[in-house]
Amino acid sequence: MFQFQPTYEYGGAQALKVELPKGSSKTYSISLPGYTDENYNGNVLNNSIYLYEGDWQNGKELDYSGPKILTPKYFDESQDLIS
């Protein structure tokens, strides 16, 4: 589950099913409908990436090593992108 804020005022989340065998390492790239690191409440966001065994609604949240915060890559609006 990826938590993000497309604007200063609104938040969102996106779920992505991944297969991660124990002891493995993978890198994923995702596309979000917008992103800002300015939180409406001014608090620092400590986590924006969550892993669950099973699904996010009923599964158990897992601890993992690696980044806990999304690392955005921005594109200029004039660039043509296919995703």
For the student: nearest non-hydrogen atoms of Tyr52 and Gly59, plus distance: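 Closest approach of Tyr52 to Gly59, heavy atoms only: CD2-O, 3.9 Å.
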
Heavy-atom pair with the smallest gap, counting every atom of Val18 and Leu51: CG2-CD2, 4.5 Å

For Ser78, all residues meeting side-chain hydrogen bond (donor to acceptor under 3.5 Å, both in side chains), sequence neighbours excluded: Asp76

Partner residues of Ser65 under the side chain to side chain contact (heavy atoms under 4.5 Å, CB included) criterion, sequence neighbours left out: none

Partners meeting side chain to side chain contact (heavy atoms under 4.5 Å, CB included) with Ala13 (sequence neighbours left out): Met1

Reported CG-to-CG distance for the pair Asn47 and Leu70, which is rounded to 0.5 angstrom: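 Atom-to-atom, Asn47:CG and Leu70:CG are 10.0 Å apart.
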
Gap separating the OH atom of Tyr64 from the CG atom of Leu20, nearest 0.5 angstrom: 10.5 Å

Sequence neighbours excluded, every pair satisfying salt bridge (charged side-chain N to carboxylate O under 4.0 Å, His left out) that has a member inside residues 13-26: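 Passing the test, one end in residues 13-26: no pairs.
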
Residue pairs involving residues 52-62 (criterion salt bridge (charged side-chain N to carboxylate O under 4.0 Å, His left out); sequence neighbours excluded):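 Salt bridge (charged side-chain N to carboxylate O under 4.0 Å, His left out) check on residues 52-62 returns no pairs.
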
Backbone of Phe2 reached by a side-chain donor or acceptor of Ser48 within 3.5 Å: no

